[in-house]
There are 2 protein chains.
Amino acid sequence: MNKAQATTRIQKRNVAIIAEAALEVFSSHGFRGATVDQIAKEAGLSKPNLLYYFPSKEAIHGHLLATLMDTWLDPLRDLDPEGEPLDEVLAYVHRKIEISRSQPRESRLFANEILQGAPRILPMLKGELKDLVDEKAEVIRGWMAAGRLAPADPHHLIFSIWSLTQHYADFDVQVRAVLGPGVADPLIDAESYLVTLFTRMLSPG
Amino acid sequence: MNKAQATTRIQKRNVAIIAEAALEVFSSHGFRGATVDQIAKEAGLSKPNLLYYFPSKEAIHGHLLATLMDTWLDPLRDLDPEGEPLDEVLAYVHRKIEISRSQPRESRLFANEILQGAPRILPMLKGELKDLVDEKAEVIRGWMAAGRLAPADPHHLIFSIWSLTQHYADFDVQVRAVLGPGVADPLIDAESYLVTLFTRMLSPG
DNA sequence: GCATTGTTTGACCAAAAGGTCAAAGCCACG
DNA sequence: CGTGGCTTTGACCTTTTGGTCAAACAATGC
């Protein structure tokens, strides 16, 4: 593929097709578990053709992670210091649940990366992510200090939101196995459970 | 290796060494990401020697999973229907946190397996695990009906305990990256946060 | 309609990885 | 102290896999 600009129509289309296929394969087999042949087959392209658009398997994976990271932080960014505290937190929970519903593969891709020790995105976690979390934790701490939320460790509050919402994407198989075949969408009940949980946790007084 | 009984001293020792090495390698690289050579090296044995004790890479992995499953359910089994409801739930949270602290590799091994779609343990999830969870969920539902716990979906309550406690083992890298180098053991603060969380969530009245 | 640039692929390569085997080494016990 | 079974290993085999390359095949612009 050519160097910088000048992406043709075909390039745009095929890069998108490959990314979609790679997301499917990487998210369900992990980086090492995925093969380039698998991705190529999923994308409906030949392997050399795929490697014409990305220089290596690593590069495809990196591309996915970069794209993901770009949108992964948005829901937290949207936490508004000027808003009503409990509403803001619940809205954040809601946004995260929507992501687990609409982008479970992205969530699993991310989970895989972290589980392996985050070899490729550790700098980003220590930098961009930490900065954002620290900033929003400070906002929450302010709300608590003002008596507008019940006191609790803001960092662990954020961790608990991540953990609980992503659980339904990452551990989907287990959730469904335990709930049984009668439950079509575990996230529906999960959402009202989580609203209750965080409301009781954070309501002042 | 020989067939059924008659495990010699050396066999016992080497099987244990291999299991330990394999846990280390599988938990940090996943099944596909781990290589037999890596495990052999970690165990301080030659590859053929390792394959003298286990017939295949698959078999080692299966052995680990089976061993793990055996102890994985114990903390939930110990939830006592005759105990004080809130204390029982908090004690369960405590046990799960202890496991995240003492057996993070086992937790990651399990997480890896679920993330890949639980190919090897799905039957167990749908059988043994579901049965146990249903049973304990019924106990919790009884407590709630009797007004001894605030009402909430018992299944999702259990999921939330799993999710929150395992998060600190599985996503350890992320937690540490965000908290920064000043925090030695995130689980200390996590435990008091979680006690608060479930106390507020479940206290009746 | 042709030259230039972009796209696709069959054939191929080297390295990695799971696994085998025969032979050698070791150990326990009569 | 020697024999039979247990343990260990170097060498080897096969398959999988990431990646290359030259040549064929489109598309685009003049």
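Naming convention: chains lettered A, B, ... in sequence-line order (proteins, then strands); numbering from 1 in each chain. Note that the structure is predicted; figures quoted are calculated from it, not measured.
- Spacing between atom OH of Tyr53(A) and atom P of dG19(D) amounts to 18 Å, rounded to whole angstrom units.
- Applying the 4.0 Å criterion to OP1 and OP2 of dC21(D), one finds that Tyr52(A) has every side-chain N and O outside that range.
- Aromatic rings of His156(B) and Tyr168(A) (six-membered ring for Trp) have centroids within the 6.0 Å cut-off, being under it.
- Distances from the side chain of Ser56(B) to the nucleotides dG19(C), dT7(C), dG18(C) place dG19(C) closest.
- Between Asn49(A) and dT9(C), a side-chain N or O to OP1/OP2 separation shorter than 4.0 Å is present.
- For Arg108(A) (side chain) and Ala169(A) (main-chain N/O), a donor-acceptor pair under 3.5 Å exists by modelled atom type.
- Side-chain atoms of Ser203(B) never come within 3.5 Å of backbone atoms of Arg200(B) as a donor-acceptor pair (strictly under, hydrogens ignored).
- Distances shown here put a side-chain N or O of Gln11(A) below 4.0 Å from the OP1 or OP2 atom of dT7(C).
- Panel note: side chain Lys41(B), backbone Val36(B); no donor-acceptor pair is recorded below 3.5 Å.
- Atoms CG (Leu51(A)) and C1' (dA11(C)) sit 15 Å apart, rounded to a whole Å.
- Two residues, Gly33(A) and Gly44(B), neighbour DNA chain D, and the one matched to the more 5' nucleotide by heavy-atom proximity is Gly44(B).
- Across all strands shown, Ala34(A) has heavy atoms under 4.0 Å from sugar-phosphate atoms exclusively, and none from any base.
- Under 4.0 angstrom from either OP1 or OP2 of dT7(D) there lies no side-chain N or O belonging to Arg13(B).
- Distance Phe31(A) CZ to dT17(D) P: 13 Å, rounded to the nearest Å.
- Minimum atom distance to the side chain of Ser46(A) is reached by dT8(C), of the listed dT8(C), dT7(C), dT20(C).
- Note: Phe159(B) and His167(A) have tilted aromatic rings, judged against thresholds of 30 and 60 degrees for the angle between ring planes.
- For Asn14(A), no side-chain nitrogen or oxygen approaches OP1 or OP2 of dG6(C) to under 4.0 Å.
- For the pair Lys57(A) NZ and dT17(D) P, the computed distance is 9 Å after rounding to whole Å.
- Distances shorter than 4.0 Å separate some side-chain N or O of Arg32(A) from OP1 or OP2 on dA17(C).
- In this structure, Leu50(B) atom CG and dT7(D) atom C1' are separated by 13 Å, rounded to whole Å.
- The separation between Asp37(B) atom CG and dT9(D) atom C1' is 14 Å, rounded to whole Å.
- Taking atom NE2 of residue His61(A) and atom P of nucleotide dG19(D), one finds them 13 Å apart after rounding to whole Å.
- At a threshold of 4.0 angstrom between heavy atoms, the contacts of Ile10(B) are confined to the sugar-phosphate backbone, with no base atom among them.
- Side-chain proximity of Lys47(B) to the nucleotides dT7(D), dG18(C), dT8(C) is greatest for dG18(C).
- Between the P atom of dG18(D) and the NZ atom of Lys41(A) lies a distance of 15 Å, rounded to the nearest Å.
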